[in-house]
Student: 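Got a structure for you, questions after.
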Amino acid sequence: MTEFMLNGTPVSSASPDDTPLLWVLRDELDLKGTKFGCGIAQCGACTVHLDGTPTRACVLPVSAVAGRQVTTIEGLASDAGEALKAAWVSEQVPQCGYCQSGQLMTAAALLEANPSPSDDEIVNAMNGNLCRCMAYGRIKAAVKVAAGRGEGQA
Amino acid sequence: MSRLMNPDLSRRRFLAGAVGGSCIMGLGLALPGCSPRGAVESLAAARPDATFAPSLWYEIDGTGATHIFITKAEMGQHVGTALARIVAEELGAAWSQVRITHVDSHPKWGAMVTGGSWSVHTSFKALSQAGAAGRQLLQAAGAAHLGVPVEACTVAEGQVSAGGKSVSFGTLVSAGLPEAELSAEALDALPLKAPEARQLLGKSVAALDIPAKSAGEAVYGLDATLPNMVYAVPLLPPTRYGSVLTRLEDGTAGSVPGFLQTLRIDDPSETIQGWGLVIAESLPAAWKAAEKVNAEWTPGPTAAVDEAAILAEGTRLADDPGEGVRVVDHGEIDSVLAGATRTLSAHYRTASALHFTLEPQNALAHFDEAGHCHIHGGNQWQSLILPVLSKALGLGESDITLHQYALGGGYGRRLFGDQMIPAALAARALGRPVKLVLNRDQDSRFDCVRSPSVCRFDAALDAAGDVLGIDHGVAAGWPTLSMAPGFLAPGLNDSGRFDSFSVSGADHWYTLPAHRVRAINNPLAQKTFLPGWLRAVGPGWIGWGVESFMDELAQAQGVDPIDFRLARLDGAGTNGGDGPANEGGALRLRAVLETVRERSGWGRSLPKGSGLGVAVAHGQERGMPTWTACVAEVAVAGDAVSVKKLWQVIDVGTVIDPGGARAQAEGAMLWGLSLALHEGTAFEAGQVRDRNLDRYTPLRMKDVPELDIHFAESTAFPSGLGEPPLIAVAPAIGNAIFAATGKRVRDLPIRLS
Ligand code: FES
Ligand code: FES
């Protein structure tokens, strides 16, 4: 039994301690917005915030989040998060959309730590998130728009 | 070919179906007993639940909302938005009142397939006509309501208006509209809007699927659940075909909480061979248990096959001028080659490449109380997998429904829903809903790989280096042969049947005195794996050889690569186009090439180690061309190639949605770059070697070059965009590397070491 805060609400998981958080979120707690891509921490589709830090849920045992704050795309409500979601729409970012929860979570952590990142800082922060549809140009543009320093390209 | 796989929508019966209406009405013409006065009187009570369904493709409810039914799969191309715009344009609906529904499989939709960049092209006319027919009915009803002549009315923004008065679609539908039935001839006779009168098409639009995808709310196949379902993970055999599961025991899996059982899959359709499943109450439990069960196989006959063997077989076949189904054959190429002053020959090869959809293959299957099979998951070609499922399950196709979801990447992988088979067989065996999920490694092993390929070119040159003719042998595994053999096309002169998807692009638009194309199936590829259609399909790898070899020929003649191409893009004979879809022919390719020459500053001097390269492509098929020309600027330092900028000029005919079109072009161009430099794997011991992101490495954000994308202004018939901009990128890069270094690269992915 692991107890933690999920999107601001206390929850508990009955899954074995070594169960990756991703499956606890998706299948036990029924929050499907966090996605499964690679299972080896290399695509970023499963990115959530753990005490505010972007973290790959596919390789994180649920026991590791005991007593901590987990935020998923469903609970992304910070100013940066809201600005990013709006920019994702205004820049028409998603193609298939499957990577985008993870992209948004990584971008939100970036803007929360660095409200006005340079182009290089954006690329460095986002480079670990694979977009198989290769919507990279719009992802980058939308992060800039959300940071208040970009003109859109869509 | 595309026509074979798509319903001829225009021939589909235009359905009647106004709820509450009883009059049969020809367009704009009231029949006896259905007078305009009667229509006015029936407007008494508004009925929000009323429905007006003048076509199979949409219905309007009593609130005026227009619900458009989308039979195409949404996989990032925002297809529902594009198709809905076509209907809404002619219907005169208010865009804010348009809703889309991705429908489940049903015979009434006819053939269901999403691929080949065909969706807009093949749906445009029928959806336009369906919209126009609805508009005409609403206009007549609106005129009656307003008490004005039909000709006095205009229809726009969901309103019928005349002389300052107007009535909404919702009001008219609530009142009940007369039923109507239209013949194919009547539909054909409907007036469609002139391009300059269009309100929606040609303008950028916010795609209807994007808000949910920007909030983690889109529902993909992997997200589907049913009460009481269990999870299944496969135990994959050592080869795709012919392996026999000789031992399947629980081993120590019983110690894993939630483990339920193992299950052997016997598939009467023989699509799935040698699979076992591990069944558990959760996915992590199933994966953990899978490591503890005992499974053994007698490997199939291809267990030792590797990439080199497949390529060697392709080379052997392509090198034999007697091999191959003749697809193009004019000008006596054998004697031209024999009599030539000089010949130039080259092999171009491409390595195995994976779809790597970010959402791995999965399916949720369930039998209801009546024995009807329901399968939940994203799929691109329902009409292809339904007969296979029917055979696997011993059920009629009408006893199976495929429930559609958003696709977490398609790129051609989800044209074949083969993973649905073990899910359905397991659901029947267990009497419970079964959710089958492949992990990433398994998704790669079970991929329908883009076949390794070999192109052999032999060109005959005269003393001045001018090209007298080309023989081109194209050898690869053929997707269509395994998955849809009925669609193999007849070759010239009874030379056999061939997979047009595995030779398209070799039938290019350059005018040559003699030209032969030989389509060759590589049987070793065919039996080692299931060859797949990967984004841009044949042209995606054939274009690599065709356009690189064009550069070699330009070089041999000492002519600028663009001038060399322009000289052969003269539109002579059938290269001038032979129908409305390819009107203009090679002259349109010429035009985009001239434009990209200007935009890229072709001919300017560059630093040492840098170069510009060019390539053109005509999209997926001669019958439905999208004309593209690409210039790449590269810098080469040692073995490292970096692409600085890509220019592409695209003539896709009418652009339905400029923003969406650009998104498709961006994605496709970066796919072209990724396949050129970043992706590629190899068969090793009968399996693909690189199965996860630690070894299979698609392009990332830091690898993205500057893109300059330009669409030609055109009102020509719309073509497709999801794939064509991919094709010319790799050869443009290869040609740029030659310009930068003098080194000719002939293998894809490009490796200079
Ligand atoms: S699924 Fe976690 S990083 Fe890919
Ligand atoms: S939008 Fe499809 S993977 Fe990123």
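Here is the naming used below: chain letters follow the sequence lines, and residue numbers restart at 1 for every chain. As the structure is a prediction and not an experimental result, all values here were calculated from the model. For the numbers below, each heavy atom of this structure counts, side chains included, while hydrogens, waters and symmetry mates do not.
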Student: With chain A as the partner, which of N439(B), D694(B), V219(B) has the greatest number of non-hydrogen pairs under 4.5 Å?
Tutor: D694(B)
Student: Name the option with the most non-hydrogen atom pairs under 4.5 Å to chain A; the candidates are A206(B), A406(B), P211(B).
Tutor: A206(B)
Student: Nearest 0.5 Å please: distance from the CG atom of L130(A) over to the OG1 atom of T697(B).
Tutor: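 Going from CG on L130(A) over to OG1 on T697(B), the span is 10.0 Å.
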Student: Of all heavy-atom pairs between G216(B) and S101(A), which one has the smallest distance, and what is that distance?
Tutor: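 What the structure gives for the nearest pair is CA-OG, 3.5 Å.
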Student: Kindly compute the distance separating SG (C99(A)) from CD (E359(B)), expressed to the nearest 0.5 Å.
Tutor: 12.5 Å
Student: Between Q664(B) and Q95(A), is the side-chain contact (heavy atoms from CB on, under 4.5 Å) condition met? List the steps.
Tutor: CA-CA 8 Å; Q664(B) 285 295 294; Q95(A) 291 196 19; 3.9 Å; yes
Student: Pick one of side chain, backbone, both or neither for A218(B), based on which atoms fall under 4.5 Å of a heavy atom in chain A.
Tutor: backbone
Student: Which one wins on heavy-atom pair count under 4.5 Å against chain B: N124(A), T72(A), V89(A)?
Tutor: V89(A)
Student: Working note: W23(A) + Y231(B), criterion side-chain contact (heavy atoms from CB on, under 4.5 Å); need CA distance, chi angles, decisive distance, verdict.
Tutor: CA-CA 12 Å; W23(A) 304 109; Y231(B) 292 86; over 6 Å; no
Student: Side chain, backbone, both or neither: which part of D441(B) has an atom under 4.5 Å from a heavy atom of chain A?
Tutor: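 D441(B) has no heavy atom closer than 4.5 Å to chain A.
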Student: So what's closer than 4.5 Å to chain B heavy atoms on K35(A): side chain, backbone, both or neither?
Tutor: side chain
Student: Where do K32(A) and T225(B) land on the side-chain contact (heavy atoms from CB on, under 4.5 Å) test, with the steps shown first?
Tutor: CA-CA 10 Å; K32(A) 304 286 193 197; T225(B) 60; 3.5 Å; yes
Student: Heavy-atom distances under 4.5 Å only: say whether E281(B) touches chain A with side chain, backbone, both or neither.
Tutor: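 Contact with chain A: none, neither part.
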Student: Looking at chain B, which one of I139(A), T34(A), D18(A) has the largest number of heavy-atom pairs inside 4.5 Å, strictly under?
Tutor: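 Of the candidates given, the most pairs with chain B belong to D18(A).
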Student: Once you measure the plane-to-plane angle for Y98(A) and Y220(B), does it fall in the parallel (<30°), tilted (30-60°) or perpendicular (>60°) bin?
Tutor: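 It falls in the perpendicular class, over 60°.
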Student: Measure the OG1-CD distance between T81(B) and Q92(A) for me, rounded to the nearest 0.5 Å.
Tutor: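 Here the interatomic distance stands at 8.0 Å.
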Student: With a 4.5 angstrom heavy-atom cut-off, is it the side chain or the backbone of V79(B) that approaches chain A, or both, or neither?
Tutor: neither
Student: Rounded to the nearest 0.5 Å, what's the gap from CZ on R700(B) to CD on Q42(A)? Could you check?
Tutor: 7.0 Å
Student: To the nearest 0.5 angstrom, please state how far the OG atom of S674(B) sits from the CZ atom of R132(A).
Tutor: 6.0 Å
Student: Can you find a pair of side-chain heavy atoms, one from V93(A) and one from K213(B), that are under 4.5 Å apart?
Tutor: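 Heavy-atom side-chain distance check fails, nothing below 4.5 Å.
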Student: Specify which of E217(B), R440(B), R691(B), Q77(B) makes the most heavy-atom pairs with chain A at under 4.5 Å.
Tutor: R440(B)
Student: For the backbone of L222(B) and the side chain of R26(A), can you confirm whether one donor and one acceptor N or O come within less than 3.5 Å of each other?
Tutor: yes
Student: Can you tell me which portion of E74(B) sits under 4.5 Å from chain A's heavy atoms? Options are side chain, backbone, both or neither.
Tutor: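 Side chain only.
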Student: Using a cut-off of under 4.5 Å on heavy-atom pairs, state which of L76(A), I73(A), L22(A), D120(A) scores highest against chain B.
Tutor: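 Top option by heavy-atom pairs under 4.5 Å: I73(A).
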Student: Please say whether more than 12 non-hydrogen atoms of neighbouring residues, nucleotides or ligands are located less than 6.0 Å from CG in D79(A).
Tutor: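 Atom CG in D79(A) is not crowded, with 12 or fewer foreign heavy atoms closer than 6.0 Å.
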Student: Going through the distances and angles, do L673(B) and M134(A) end up as a side-chain contact (heavy atoms from CB on, under 4.5 Å)?
Tutor: CA-CA 10 Å; L673(B) 171 57; M134(A) 313 231 173; over 6 Å; no
Student: Taking L358(B), L670(B), N692(B) one by one, which has the highest count of heavy-atom pairs under 4.5 Å against chain A?
Tutor: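 Answer, by heavy-atom pair count under 4.5 Å with chain A: L358(B).
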Student: Quick check for you: to the nearest 0.5 Å, what is the distance between Y411(B) atom OH and C96(A) atom SG?
Tutor: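 Rounded to the nearest 0.5 Å, the OH-SG separation comes out at 4.5 Å.
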Student: For chain B, which of I122(A), L104(A), I40(A) has the most heavy-atom pairs under 4.5 Å?
Tutor: I40(A)
Student: Tell me which of these, A663(B), G409(B), A207(B), G410(B), has more heavy-atom pairs under 4.5 Å with chain A than the rest.
Tutor: A663(B)
Student: Given 3.5 Å as the limit, does a donor-acceptor pair link the side chain of Y136(A) with the main chain of V704(B), or not?
Tutor: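 Answer holds: no.
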